[in-house]
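Written below as structure tokens is the structure these notes are about.
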Amino acid sequence: MTRPTLTVDLDALVANWRGLDAASGPGVETAAVVKADAYGLGADRVAPVLAAEGVRRFFVALAEEGAALRRILGPGPEIFVFSGHMAGDAELIAGARLVPLLNDAAQVNRHFEALADHPFGLQLDSGMNRLGMEPAEFAALRDRLLAARPRLVISHLACSDDPSDPMNARQLKSFKEMAGDLDVPRSLAATGGTLLGPDYQFEICRPGIGLYGGQPFARAQPVVHLDIPVIQTREVAAGEAVGYGATWIASRPTRIATLAAGYADGIIRQMGNVAQLYAGATPCPLAGRVSMDLLTVDVGHLDTVPDTLELFGIHQSVDDVAAAAGTIGYEILTSLGDRYARQYSGGETDRAAS
Ligand SMILES: *Cc1c(COP(=O)(O)O)cnc(C)c1O
């Protein structure tokens with residue numbers, strides 16, 4: 001087997017959902033964000049396990065993702081679409097019974113014209129300036145929208161990964177000014193906001209990354225494990241170069257292992273000469289650049305070279321790897337390629353339910 005193995009631990013996923021659910025008040029519902037194929041881990045496996053755990057509201061970015069998720073989940077759960085009601089989406093929204101989170105007056109008009117009695121929610125902009133109605137726009141539409149009874153009102157925090165950032169309180173204040181007196185379920189918090197405490201939780205929290213084992217959920221269990229096979233090892237003498245551009249030069253006689261994964265598999269090229277892999281608990285540095293399909297790793301300090309080295313999982317987190325690439329765990333997960341042999345462990349509740 002030369003394909004690397006990507007193992008998704010569905011029991012750890014459930015433990016993380018429970019951990020985030022416990023981090024919010026007893027009256028607060030914990031939903032799940034499964035956009036981008038559940039952050040690259042496979043919505044077809046992740047979403048049913050969460051539904052069996054009791055998740056009743058799911059969030060995706062696009063109507064197309066929502067329609068696919070409806071086929072996966074069946075008729076029960078509510079599926080919200082962050083991008084709202086885009087031109088051409090009416091059939092998908094109606095057919096899959098999706099709830100678009102309307103983002104501006106044009107989307108409101110489009111929705112009310114095409115699907116007058118179909119459920120909708122609202123996304124308000126509390127300061128991030130990315131998606132959602134501005135306060136003045138919402139004020140102008142408010143009576144008409146509330147009369148049609150939205151299912152949910154949300155906004156999104158720009159800086160919730162940093163509890164000390166004053167942007168959090170500014171956005172909370174803005175959201176309360178718009179939605180504080182609404183008799184509609186409200187949601188402001190993703191993973192970071194959930195951990196900011198009760199003021200930010202409202203009726204529904206909607207974590208994504210924390211479910212999948214990423215920061216800022218510090219107590220997250222690792223969900224994704226990536227083990228990459230060693231194809232070949234060779235001795236190199238002091239002064240010899242390794243890899244494209246000959247950027248790594250052996251400072252001592254050592255041994256180089258060549259592994260079967262590269263940037264085509266989502267191992268970000270920026271990690272070259274910086275990241276490390278693990279042989280058991282022993283770190284082994286990348287030696288040289290990341291190639292399309294291959295990595296070269298200095299294993300000269302190992303007594304025996306194992307069949308595979310771990311990039312992330314038990315000994316190193318997705319966020320550690322992200323740091324070595326100058327990026328965030330979200331990008332590492334959503335970049336995971338499709339050449340991996342994917343395995344799922346755990347998730348017994350799913351099988352029992354289906
Ligand atoms: C992606 C996203 C989330 C989930 O955020 P995490 O940081 O992954 O928990 C929640 N809400 C919106 C609007 C999003 O775009």
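Just follow the structure's listing: the first ligand is 1, and inside any ligand the first atom is 1.
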Query raised in the report: Hey, are the side chains of Pro100 and Arg110 touching, using non-hydrogen atoms and a 4.5 Å cut-off?
Result: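 Contact flag for Pro100/Arg110 side chains = no.
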
Query - Side-chain heavy atoms of Leu226 within contact of Tyr340, under 4.5 Å - result: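 The answer is yes; the side chains approach within 4.5 Å.
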
Query raised in the report: With a 4.0 Å cut-off on heavy atoms, is Pro207 touching ligand 1?
Result: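 Within the 4.0 Å threshold, so yes.
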
Report task. Answer with yes or no whether Arg130 contacts ligand 1, where contact means a heavy atom under 4.0 Å from a ligand atom. Result ->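 Per 4.0 Å heavy-atom rule, Arg130 contacts ligand 1.
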
Identify the closest protein heavy atom to [atom]: which residue and atom is it, and at what distance?
| atom | result |
| --- | --- |
| atom 5 (O) of ligand 1 | Ala190 CB, 3.3 Å |
| atom 7 (O) of ligand 1 | Tyr330 OH, 2.6 Å |
| atom 13 (C) of ligand 1 | Phe82 CE2, 3.5 Å |
| atom 9 (O) of ligand 1 | Thr191 OG1, 2.5 Å |

Which segment of [X] sits under 4.0 Å of ligand 1 when only heavy atoms are counted:
| X | value |
| --- | --- |
| Met128 | neither |
| Tyr39 | side chain |
| Val33 | side chain |

Query raised in the report: Side chains of Ser317 and Asp319: do they bring a donor and an acceptor to under 3.5 Å?
Result: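 There is no such pair between these side chains.
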
Query raised in the report: Between Ser155 and Asp125, is any side-chain donor less than 3.5 angstrom from a side-chain acceptor?
Result: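 No - no donor-acceptor pair under 3.5 Å links their side chains.
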
**Report entry** Sub-6.0 Å ring centroid separation between Phe312 and Tyr278
**Finding:**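 Ring-ring flag for Phe312/Tyr278: false, centres at least 6.0 Å apart.
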
Query - Any residue meeting ring pair (Phe, Tyr, Trp, His ring centres under 6.0 Å) with Phe59, in chain and number order, not counting sequence neighbours - result: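 Only Phe80, Phe82 meet the ring pair (Phe, Tyr, Trp, His ring centres under 6.0 Å) criterion with Phe59.
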
Query - Atom indices of ligand 1, in the order listed, that fall short of 4.0 Å to a heavy atom of Gly208 - result: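 Ligand 1 atoms under the 4.0 Å threshold to Gly208: 4 (C), 6 (P), 8 (O), 9 (O).
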
**Report entry** Numbered atoms and elements of ligand 1 in range of Lys35, under 4.0 angstrom, heavy atoms
**Finding:**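 That gives atoms 1 (C), 2 (C), 3 (C), 14 (C), 15 (O) of ligand 1.
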
Check residues 207-214 and write down every donor-acceptor pair under 3.5 Å in which the side-chain atom is one partner and the other belongs to a residue at least two apart or another chain.
residue : atom : partner : partner atom : Å
Tyr212  : OH   : Val33   : O            : 2.8

Report task. Answer yes or no on whether Arg45 is positioned over the face of Tyr344, meaning its NZ or CZ is under 6.0 Å from the six-membered ring centre and within 45° of the axis. Result ->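 Judged by the rule (NZ or CZ under 6.0 Å from the ring centre, within 45° of its axis), Arg45 counts as positioned above Tyr344.
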
